[in-house]
Amino acid sequence: MKTSLLEFDKENMTALMLSLSQPAFRAGQLILNLYDGKTLTEMTNIPSSLKDVLKEEYSDIPVVIEKKFLSKDGTVKYLFRLEDGELIEGVLMTYSFGKTLCISTQIGCRMGCTFCASGLDGLKRNLTPAEMLGEAVVVNRDNQIGKNGRAVTNVVLMGSGEPLDNYDNVTKFLRLISAPYTLNISERNISLSTAGFADGIRKIADEGHRFNLTISLHAPNDTVRNMIMPINKKYGIESVVSAARYYFEKTRRRLIFEYSLIRGVNDGRENAEELSRLLKGMPCHVNLIRLNPVKEKNLKATDAAGVKEFLSILEKNGISSTLRRVMGADIDGACGQLRRRFIVDEKA
């Protein structure tokens, strides 16, 4: 695949223009066009001769919208096609504070969590920074709100893939999307969800990132977590929690722990008490999630009474916690339901 122009920051785009005997201001024009979602062909203020030269060596927007699925709650799931024909999914959710885009960071996933659809087909490859940016750019264009308006106000790296398993590309993406001359989405409005790459958590803290860190914990001890999250055999709970504390010490950003309640696996009273002891005194919040259905998995969600009891135990022990609102489940767009390829419903 050709390198996308979306991967160029302002400095490198300027250098490219100068190398092609173009004035430096062309860099700014190209960047504005690209982040408005325009292809080279659509750029009316760029000379045709320059566009022809660029097309020989580079691509522009490496993502196109293949299909959209609208949920009854207003959530939109996007099926994106990449330049090599691969498919990924993303989800746009509307809240009172704006629109949040859930993006994918890999095609598939190699984590193998037992409750998640993303790893069903294994890991195909990592997404490039331009492909991740492309997800946001094309969704912005699809939801344009006036001249130079940006529909996407927040980004969560919670789609297919493990972000810290694609470390270099993800951190470059974070630098680009938060730059004032691109989409200018502050790291305070970006959340990264990890299955618990303890080394990666420490590394992003040391590199000065300040986004919201969300850790998919899903168990209060190693015995349970080993059964449902294979990564725990490399990074046990103590190392993950220790890395989380380190991230807070470096960033002063409150930690978010996600906990999907699976009937008969991790949803007992003793699990709630143990989770309370594990997180006691930490500056954190627990997002409880009722397990979303994945037809290939033989796991059941905790019933409403069980969820209420689990939540009350956390609250009694002083752990800030809420039950996450389910969005997009009817279009397989909720937590744990995104995957590498689109599965056609034979009944449709």
Side-chain angles (χ1 to χ4, degrees), residues 95 97 100 102 111 113 115-116 154-158 162-164 174 186-225 228-229 231-232 235-262 265-291 302 306-326 335-336:
Y95 298 96
F97 54 80
T100 295
C102 175
M111 295 299 100
C113 300
F115 48 83
C116 182
N154 298 68
V155 168
V156 293
L157 281 69
M158 297 182 181
E162 162 57 52
L164 297 184
L174 291 169
S186 165
E187 285 199 346
R188 287 184 172 271
N189 293 332
I190 297 173
S191 295
L192 182 150
S193 178
T194 175
F197 272 62
D199 295 341
I201 292 170
R202 291 176 179 275
K203 187 175 179 182
I204 54 178
D206 288 337
E207 291 184 355
H209 291 288
R210 295 294 184 272
F211 50 76
N212 302 301
L213 180 65
T214 299
I215 297 174
S216 295
L217 195 62
H218 306 303
N221 58 58
D222 287 325
T223 300
V224 175
R225 203 164 188 261
I228 60 176
M229 299 183 71
I231 191 177
N232 196 70
Y235 297 112
I237 279 187
E238 288 300 328
S239 67
V240 172
V241 171
S242 174
R245 290 182 187 276
Y246 184 79
Y247 187 81
F248 173 77
E249 290 167 2
K250 285 280 189 174
T251 66
R252 313 312 292 179
R253 305 290 289 162
R254 186 172 72 151
L255 304 160
I256 305 294
F257 290 97
E258 300 208 317
Y259 196 104
S260 291
L261 290 164
I262 308 170
V265 176
N266 65 354
D267 64 342
R269 289 185 57 87
E270 68 281 3
N271 298 135
E273 294 287 359
E274 190 171 7
L275 181 63
S276 299
R277 291 192 295 272
L278 178 69
L279 302 181
K280 191 73 173 178
M282 288 189 70
C284 68
H285 180 82
V286 175
N287 268 336
L288 291 180
I289 304 166
R290 284 196 70 188
L291 187 72
T302 302
V307 172
K308 184 177 180 180
E309 182 181 38
F310 201 99
L311 184 60
S312 69
I313 292 171
L314 294 182
E315 291 174 342
K316 178 195 70 177
N317 286 300
I319 305 299
S320 172
S321 51
T322 52
L323 176 64
R324 178 191 277 180
R325 173 185 169 196
V326 177
C335 179

Item to check | Test side-chain contact (heavy atoms from CB on, under 4.5 Å) applied to Val265 - qualifying residues, sequence neighbours left out | outcome: Val224, Ile228, Ile262
Checklist entry - Quick one: does Ser193's side chain get under 4.5 Å of Ser216's, heavy atoms only? => result yes
Item to check | Check: His218 main-chain N/O paired with Asn266 side-chain donor or acceptor under 3.5 Å | outcome: yes
Item to check | Tyr247 to His209 - nearest heavy-atom pair and separation | outcome: OH-O, 3.7 Å
Checklist outcome for this item: Applied to residues 186-206, the salt bridge (Lys or Arg N to Asp or Glu O under 4.0 Å) test, sequence neighbours excluded, yields Asp206-Lys250
Checklist entry - Taking only residues two or more places apart in sequence or in another chain, which ones pass side-chain hydrogen bond (donor to acceptor under 3.5 Å, both in side chains) with Ser191? => result none
Checklist entry - With side chains defined as the heavy atoms from C-beta onward, is the minimum distance between Leu213 and Thr194 less than 4.5 Å? => result yes
Checklist entry - Is there side-chain contact between Leu164 and Leu192, with heavy atoms separated by less than 4.5 Å? => result yes
Checklist entry - Considering residues at least two apart in sequence or located in another chain, which fulfil the salt bridge (Lys or Arg N to Asp or Glu O under 4.0 Å) criterion with Glu273? => result Lys316
Item to check | Spacing of CD belonging to Glu162 relative to CD1 belonging to Ile231, to within rounding of 0.5 Å | outcome: 5.5 Å
Next on the checklist: Would Arg277 and Glu274 count as a side chain to side chain contact (heavy atoms under 4.5 Å, CB included) here? Give the steps.
Outcome noted: CA-CA 5 Å; Arg277 291 192 295 272; Glu274 190 171 7; 3.7 Å; yes
Item to check | Residues that Thr100 engages under side-chain contact (heavy atoms from CB on, under 4.5 Å), provided they are two or more places apart | outcome: Met93, Tyr95, Phe97, Asn154, Val156
Checklist entry - Can you name the residues that form a side-chain hydrogen bond (donor to acceptor under 3.5 Å, both in side chains) with Asn212, not counting sequence neighbours? => result Arg253
Next on the checklist: With heavy-atom distances below 4.5 Å as the criterion, would you say the side chains of Ile201 and Ile215 are in contact?
Outcome noted: yes
Checklist entry - Partners of Glu238 by side-chain hydrogen bond (donor to acceptor under 3.5 Å, both in side chains), sequence neighbours excluded? => result none
Item to check | Short side-chain to backbone donor-acceptor contact, Arg210 and Gly208, under 3.5 Å | outcome: yes
Item to check | Residue among Leu288, Val286, Ile289 satisfying side-chain contact (heavy atoms from CB on, under 4.5 Å) with Leu323 | outcome: Leu288
Checklist outcome for this item: Hits for ring-ring contact (aromatic ring centres under 6.0 Å, His included) against Phe310, two or more places apart or cross-chain, chain-then-number order -> Tyr259
Item to check | Non-hydrogen atoms of Phe211 and Leu174 that approach each other most closely | outcome: CE2-CD1, 3.5 Å
Checklist entry - Can you tell if the side chain of Val155 reaches within under 4.5 Å of the side chain of Leu157, non-hydrogen atoms only? => result yes
Next on the checklist: I want to check something: taking the side chain as every heavy atom from C-beta on, are Leu275 and Ile313 in contact at a cut-off of under 4.5 Å?
Outcome noted: no
Item to check | Heavy-atom side-chain proximity of Thr214 to Phe257 below 4.5 angstrom | outcome: no
Item to check | Shortest non-hydrogen separation from Cys284 to Leu279 and the atoms involved | outcome: SG-CB, 4.1 Å
Checklist entry - Once you round to the nearest 0.5 Å, how far does OG of Ser312 lie from CD of Glu315? => result 7.0 Å
Checklist entry - Between atom SG of Cys113 and atom CE of Met229, what is the distance when rounded to the nearest 0.5 Å? => result 4.0 Å
Checklist entry - With sequence neighbours excluded, what pairs up with Ser321 under the side-chain hydrogen bond (donor to acceptor under 3.5 Å, both in side chains) test? => result none
Item to check | For Glu309, all residues meeting salt bridge (Lys or Arg N to Asp or Glu O under 4.0 Å), sequence neighbours excluded | outcome: Arg269
Checklist outcome for this item: Residues at least two apart in sequence or cross-chain that pass side-chain contact (heavy atoms from CB on, under 4.5 Å) with Asn232, listed by chain then number, are Asp222, Arg225, Asn226, Ile237
Checklist outcome for this item: Closest non-hydrogen atoms of Ile319 and Ser276, given as atom of the first, atom of the second and distance, are CD1-O, 3.8 Å
Checklist entry - Who passes side-chain contact (heavy atoms from CB on, under 4.5 Å) against Asn287, sequence neighbours left out? => result Ile256, Glu258, His285, Thr322, Arg324
Item to check | Student check: side-chain heavy atoms of Arg254 and Ser320 closer than 4.5 Å | outcome: yes
